Amino acid sequence: MQTPALPDLAHTAAKPMHWLATAAAMAGVVALAGLLQPRTATATATAPEQRTTTRHVAPAPAPDPAGVEFPLECGGAGTTVAKKASGDLDGDGRPETVAVVHCAAGSGTPPGGIYVLTRGSGAAPRVVATLVDPADRKTVGDFAVRDGVVSATLLGYSSLDVPRCCPDQEEQASWRWKGQAFVRTSGDLARSV
């Protein structure tokens, strides 16, 4: 048998008096906890007007752009939702979805549109505003929805001689709901890149 290198610790050689003192201390703590219990709470309603109930209603989901008919002429190629973001744009407590959509081209950089989708109570999502029309021949770079503002970097071409792969103009634009429509503000003027 090997002898320990450390001296005996107090708890390794406890005497009956030690255990008796520990039991008495524990009994005292339990008795004190029983005396310090809070009084029994009672509640009475005095009038129906004073009763309040809180119902937690799950927020409505943002409209999903899948399956939405976008106003794009793609000649049977179909559409691609390139980007999407959601937020409450009109302050009604229900989120809208903003989608960047272009024709499903096999290659190249087709012009895109930015569309705002909403959903009526129980209805399918639908397009309620066009912020950028594909007829403007712009593509959308950076895109975000924050604090009720839609912002995007719009890329375009200075002339028909510029290859469609390489836009040479850039414009920062943002839209905010005011009254009954989205109002566009432009940060930087169109400039060459």
Side-chain angles (χ1 to χ4, degrees), residues 52-160 162 164-193:
T52 58
T53 58
T54 304
R55 289 192 314 157
H56 295 285
V57 178
D64 184 4
V68 172
E69 294 279 335
F70 292 98
L72 277 166
E73 296 294 327
C74 294
T79 59
T80 298
V81 176
K83 301 173 186 179
K84 66 179 180 175
S86 299
D88 184 6
L89 300 176
D90 58 4
D92 67 352
R94 291 179 289 171
E96 287 77 31
T97 297
V98 182
V100 176
V101 183
H102 59 78
C103 291
S107 63
T109 311
I114 300 179
Y115 302 98
V116 179
L117 309 174
T118 191
R119 175 194 326 257
S121 57
R126 61 187 173 89
V127 175
V128 293
T130 300
L131 304 180
V132 173
D133 190 331
D136 296 338
R137 306 191 59 76
K138 303 280 184 180
T139 57
V140 180
D142 293 333
F143 165 75
V145 173
R146 285 189 198 95
D147 301 324
V149 176
V150 178
S151 59
T153 302
L154 304 177
L155 305 172
Y157 306 92
S158 59
S159 73
L160 293 175
V162 176
R164 297 295 107 183
C165 68
C166 311
D168 65 341
Q169 291 185 328
E170 179 180 301
E171 180 181 2
Q172 302 299 318
S174 62
W175 297 264
R176 180 182 290 278
W177 180 259
K178 292 200 179 182
Q180 300 296 316
F182 285 95
V183 177
R184 179 180 172 174
T185 57
S186 293
D188 298 338
L189 296 174
R191 57 179 159 68
S192 296
V193 277

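Quick caveat, the model's predicted, so the values are computed rather than measured. Computed over heavy atoms, backbone and side chain alike; hydrogens, waters and symmetry mates excluded.
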According to ring-ring contact (aromatic ring centres under 6.0 Å, His included), who are the partners of Phe182, at least two apart in sequence or on a separate chain? Trp177
Quick check: closest heavy atoms across Pro134 and Pro111, and the distance to 0.1 Å? O-CB, 3.6 Å
Which pairs with one or both residues in residues 107-136 pass salt bridge (Lys or Arg N to Asp or Glu O under 4.0 Å), sequence neighbours excluded? none
Name all residues meeting the side-chain hydrogen bond (donor to acceptor under 3.5 Å, both in side chains) criterion together with Thr118; count only those two or more places apart in sequence or in a different chain, and write none if there are none. none
Which pairs count as side-chain hydrogen bond (donor to acceptor under 3.5 Å, both in side chains) when at least one residue sits in residues 75-87, sequence neighbours excluded? Ser86-Thr97
State the CD-CG distance between Glu170 and Asp142, to the nearest 0.5 angstrom. 8.0 Å
Could you tell me whether the side chain of Gln169 reaches within less than 4.5 Å of the side chain of Ser158, counting heavy atoms only? yes
Which pairs, with at least one residue in residues 116-146 and sequence neighbours excluded, count as a ring-ring contact (aromatic ring centres under 6.0 Å, His included)? none
Identify, with sequence neighbours excluded, every residue that meets salt bridge (charged side-chain N to carboxylate O under 4.0 Å, His left out) alongside Asp92. Arg94
Between Val116 and Glu96, which heavy-atom pair has the shortest distance, and what is it? CG1-CB, 4.2 Å
By ring-ring contact (aromatic ring centres under 6.0 Å, His included), Phe70 pairs with (sequence neighbours left out) Tyr115
Sequence neighbours excluded, every pair satisfying disulfide bond (SG atoms under 2.5 Å apart) that has a member inside residues 86-158: Cys74-Cys103
Here's a test for you: under side chain to side chain contact (heavy atoms under 4.5 Å, CB included), which of Thr185, Leu89, Val98, Val132 qualifies with Trp175? Val132
Identify every side-chain donor-acceptor pair in residues 144-156 under 3.5 Å, counting partners at least two apart or on other chains, and give the distances.
{"residue": "Thr153", "atom": "OG1", "partner": "Gln172", "partner atom": "OE1", "Å": "3.0"}
{"residue": "Thr153", "atom": "OG1", "partner": "Gln172", "partner atom": "NE2", "Å": "3.2"}

Which pair of non-hydrogen atoms, one from Pro125 and one from Pro63, has the smallest distance, and what is that distance? CB-CB, 3.7 Å
Using the salt bridge (charged side-chain N to carboxylate O under 4.0 Å, His left out) criterion, which residues pair with Arg184? Sequence neighbours excluded. Glu171
